[in-house]
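None of the values given here were measured: they were computed from a predicted structure. Each chain gets a letter, A, B and so on, in the order the sequences are listed, and its residues count up from 1.
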Protein chains: 2
Amino acid sequence: MGERIPTRHSLALSPSCNHCSLSNLCLPLAVSDGDMGRLDEVVNRGAVYDRGQAIFQQHTPFRSCYAVRSGAIKTSVETAEGDYQITGFYLPGEIIGLDSLHAEEYAGSAIALERSSVCEIPMDQLESLSFEIPTLQHHFFQLMSQEIQNGQQLSLLLSRKTAEERLASLLLSLSSRYERRQMPPTAFRLPMARNDIANFLGLAVETVSRVLTRFQSQGLATINGRSVESLDLEGLHSLLQSPGT
Amino acid sequence: MGERIPTRHSLALSPSCNHCSLSNLCLPLAVSDGDMGRLDEVVNRGAVYDRGQAIFQQHTPFRSCYAVRSGAIKTSVETAEGDYQITGFYLPGEIIGLDSLHAEEYAGSAIALERSSVCEIPMDQLESLSFEIPTLQHHFFQLMSQEIQNGQQLSLLLSRKTAEERLASLLLSLSSRYERRQMPPTAFRLPMARNDIANFLGLAVETVSRVLTRFQSQGLATINGRSVESLDLEGLHSLLQSPGT
DNA sequence: TGATATCCTTGATTCAGGTCAAAGAACCGC
DNA sequence: GCGGTTCTTTGACCTGAATCAAGGATATCA
C-alpha cells in the first residue's frame with residue numbers, strides 16, 4: 001500500500017471553470033457548488049506509491065478508480081496462459097481503473113513507474129453520489145468510451161504499423177499529453193523503461209533501442225537515456241501518413 | 001395494489017423471451033415488471049440490414065446503441081491516416097455502439113456481414129430511463145467495461161501471438177459465443193470473409209488461408225469455405241498455452 | 001566507494017509472415 | 001447457363017523484426 005499523505009487542497013477545483021476535482025481530466029462538469037463539495041468529500045486525496053509498487057492488482061476486488069496526480073503509472077493485463085501485456089501508461093491528470101468499473105474485480109494491474117501520488121475515488125460512494133449528480137454519471141460514461149477508443153487505437157497500432165510508426169505514435173502521444181498539462185511538448189522525461197515500451201508496443205527491446213537511435217541520426221529526436229531533449233513533431237507525424245491508397 | 005416485488009429477469013433467457021429486447025445480452029438484470037415494460041417501449045425492435053449495409057458510420061452523430069438479433073455485424077475504426085481496422089465481430093445477443101456511449105459521434109462504423117436483424121436502443125430516451133432504473137445504468141457500465149476488456153484482449157492478441165494462435169483464438173471465441181447461444185460450438189458458419197478475418201487479426205489474407213489449411217491437415221478443424229464443420233476445441237486451446245516462463 | 005543487478009545499445013543471424021503472382025471456386029445478376 | 005465479380009487457395013520469394021550474444025552505461029545499496 002502506498003503511504004498516506006495528509007489531506008491537502010492541491011487538487012483544488014478551479015472555481016472559474018466548473019471542472020470537478022477530477023479536474024485534471026479536462027472534462028467539463030457542470031455541477032452546483034454544493035455538489036462539488038460533496039464530491040470532494042468522497043474523493044480520498046493522495047496516497048504515494050514508490051517505483052514498482054502496485055496501486056491495484058488483477059483479480060482483487062474492485063474498490064476504487066484512481067486519478068494520477070504526479071509520477072506515472074503503467075497498467076497491464078495477464079492472461080491465463082501467462083502472457084503479459086502493458087495496456088497503457090498514465091500520466092498526471094489521467095484516470096485508471098475504468099476498465100473495471102462496476103466489475104467484481106480489477107481487470108488488470110496498475111504499477112507505479114516512479115514515485116507517484118495518486119488520488120483514490122471510492123466507487124461505492126461515488127455510485128450513490130452519481131444518482132444525485134447526473135452529470136457525474138455522464139462524466140464517467142464519457143471517460144469509459146474514451147478508454148474504449150484508446151484501446152481501439154492501440155489495436156490499430158499493433159496490427160498495422162511498423163516499428164518506426166509505433167515509436168513515433170508513442171512519442172507523439174506522450175508529447176501531446178504533456179502539452180495538455182502545460183508542460184514542454186518536446187522535452188520531457190520518459191517515465192518507463194525500454195522494456196516497458198517494447199512490451200506496450202509489441203516489439204523487442206532491441207528494436208525499440210535501434211529505432212530510437214535511428215530517430216536520433218535522422219534528426220527526428222534527441223533522446224538521452226530516459227530524457228527526451230528534443231522532438232521533431234512535424235517529422236514524426238509525417239512518418240504516420242500511410243502513403244498508399 | 002401493494003408493493004411491487006422486483007422480478008429478476010435473467011437476460012440469459014432464450015431469445016424468444018418477449019420481456020425485453022435487450023434480452024439477448026445475457027447479463028442478468030433485476031428490474032420490476034413495470035420497468036421492464038417501460039424499457040420495452042423505448043427499445044425499437046427490429047430493423048433489417050442487408051449485407052454490406054451500414055448500421056451506423058464513424059463521425060455521424062451518435063443516437064443509439066444496437067443489439068444484434070440475427071445475422072452478424074463487423075465494427076471498424078478508421079484513422080486520419082487512412083488505416084482501417086476491424087475492431088470486432090458481433091453475433092446475435094451482442095451490443096454495438098458502446099464505445100460511443102455518451103460521445104458526440106460514433107467512434108467507428110458498423111456494417112452488416114450478412115442479412116441481419118438489429119434492434120435499436122435510442123440513447124436519449126434510455127438515458128432518462130436509466131435515471132429511474134438504477135440497475136439499467138449498472139448494466140451499461142458492465143457492458144462497457146466488458147468492452148474495454150475485449151479491447152485489451154485484442155491488443156494482447158495482436159502484439160504477442162503468432163498467426164496460428166490468432167486464428168485459434170478467433171475460432172475458440174466464436175465457438176464459445178455460439179455455444180452461449182445454445183448453438184453447436186463445433187459446427188457453425190463463418191459470417192465474415194477471409195479478408196475481414198485477416199484485417200481483424202492483423203494478418204495478410206494469404207496467411208489466414210494458409211493457417212486454416214494447416215489446421216485442416218493437422219486435424220484441428222474441418223473448414224469448407226465459410227462453413228466450419230468440426231473443431232478440435234481441446235487441440236486449438238492447447239495451441240494457446242505459451243510454454244515459456 | 002566499489003560490488004552487483006538492471007538497463008540500454010549494437011552486431012550477426014534467422015525466420016514468420018508479408019508481398020507478388022496466378023489459378024480455382026463461389027456467387028451474382030441477367 | 002453464362003460472363004463477370006469477388007473470394008479463396010497455393011506457390012515462390014523477400015524483408016522487418018525477433019533472437020542470440022556480448023559489451024557499455026546507470027542505478028542501487030553495503
Side-chain angles (χ1 to χ4, degrees), chain A residues 50-53 74 83 85-86 111-115 157-170 189-217 221-229 239 242-245, chain B residues 50-53 72 74 83 85-86 111 113-115 157-170 189-217 221-229 239 242-245:
Chain A
D50 276 324
R51 184 161 70 85
Q53 263 195 301
K74 68 174 171 184
D83 294 304
Q85 159 88 27
I86 293 180
I111 311 275
L113 286 165
E114 57 189 33
R115 191 155 231 264
L157 187 85
L158 291 173
S159 71
R160 224 148 293 292
K161 304 218 184 174
T162 67
E164 299 201 344
E165 291 171 319
R166 295 179 202 202
L167 260 308
S169 290
L170 179 61
R189 211 177 144 61
L190 288 175
M192 70 296 277
R194 299 284 189 274
N195 222 325
D196 286 338
I197 297 181
N199 181 294
F200 178 62
L201 297 178
L203 298 169
V205 206
E206 295 93 328
T207 306
V208 171
S209 188
R210 271 187 259 270
V211 170
L212 251 27
T213 43
R214 210 179 309 157
F215 280 176
Q216 301 253 67
S217 59
T222 319
I223 300 175
N224 218 315
R226 297 229 187 154
S227 76
V228 175
E229 281 154 14
L239 278 186
S242 50
T245 307
Chain B
D50 276 325
R51 184 160 71 87
Q53 263 194 300
K74 68 174 170 184
D83 294 304
Q85 160 87 25
I86 293 180
I111 311 274
L113 286 164
E114 56 190 32
R115 190 155 232 265
L157 186 85
L158 291 174
S159 71
R160 224 150 293 294
K161 305 219 184 176
T162 66
E164 299 200 343
E165 290 171 320
R166 296 179 201 202
L167 260 309
S169 290
L170 178 61
R189 208 173 150 64
L190 287 174
M192 71 294 279
R194 299 285 189 274
N195 222 325
D196 286 338
I197 296 181
N199 181 294
F200 178 63
L201 297 178
L203 298 170
V205 206
E206 295 93 327
T207 307
V208 171
S209 188
R210 271 188 258 271
V211 169
L212 251 26
T213 43
R214 208 179 310 157
F215 280 177
Q216 300 254 65
S217 60
T222 318
I223 301 175
N224 219 312
R226 298 228 186 153
S227 77
V228 175
E229 279 155 15
L239 278 186
S242 53
T245 307

Sorted by number, the residues of residues 203-213 of chain B with heavy-atom contact under 4.0 Å to DNA chain D
B:Glu206, B:Ser209, B:Arg210, B:Thr213
Length of the line joining A:Asp50:CG and D:dC29:P, which is rounded to integer Å:
10 Å
Which whole-number value in Å describes the distance from A:Asn195 CG to D:dA18 C1'?
14 Å
Measure the spacing between CG of B:Leu212 and CD of B:Glu164 and express it to the nearest 0.5 Å.
10.5 Å
Donor-acceptor check, side chain of A:Glu165 to backbone of A:Leu157, threshold 3.5 angstrom: yes or no?
no
Rounded distance [0.5 Å steps], CD1 in A:Ile111 versus CD1 in A:Ile86
9.5 Å
Under 4.0 Å, heavy atoms only, any strand: does B:Gly202 hit a base, just the sugar-phosphate, or nothing?
sugar-phosphate
How many whole angstroms separate atom CG of B:Asp196 from atom P of D:dT6?
14 Å
Distance check needed: C:dT6 C1' versus A:Met192 CE, whole Å only.
18 Å
Euclidean distance, A:Arg194 CZ relative to A:Arg226 CZ, rounded to 0.5 Å
7.5 Å
Spacing of B:Leu201 atom CG relative to C:dG17 atom C1', expressed in whole Å
13 Å
Could you measure the distance from the CD1 atom of B:Ile223 to the CG atom of B:Leu190? Nearest 0.5 Å is fine.
6.0 Å
Which part of the nucleic acid, if any, lies within contact of A:Arg160, taking any heavy atom under 4.0 Å across all strands shown: a base, the sugar-phosphate backbone alone, or nothing?
nothing
OG of A:Ser169 to CG of A:Leu239: how many Å apart, nearest 0.5 Å?
9.0 Å
Atom CZ of B:Arg214 to atom C1' of D:dG11: distance rounded to whole Å?
14 Å
Please report the interatomic distance CZ(B:Phe200) to NZ(B:Lys74), rounded to the nearest 0.5 Å.
12.5 Å
note: A:Phe215, atom CZ; C:dT9, atom P; distance rounded to Å ~ 13 Å
Would you mind reading off the bend of the helix from C:dT9-D:dA22 to C:dC30-D:dG1 from its two end axes, five pairs each, to 10 degrees?
60°
When B:Thr162, B:Val211, B:Leu167 are each screened for side-chain contact (heavy atoms from CB on, under 4.5 Å) with B:Leu203, the one that passes is B:Leu167
Whole-Å distance, B:Ile223 CD1 to C:dA25 C1', equals 17 Å
Counting side-chain heavy atoms from C-beta on, which of D:dT8, C:dG17, D:dA17 comes nearest to B:Ala163?
C:dG17
So does B:Arg226 get a side-chain nitrogen or oxygen closer than 4.0 Å to the phosphate oxygens (OP1/OP2) of D:dT8?
yes
Could you check whether atom CZ of B:Arg214 has more than 12 heavy atoms from other residues, nucleotides or ligands sitting under 6.0 Å from it?
yes
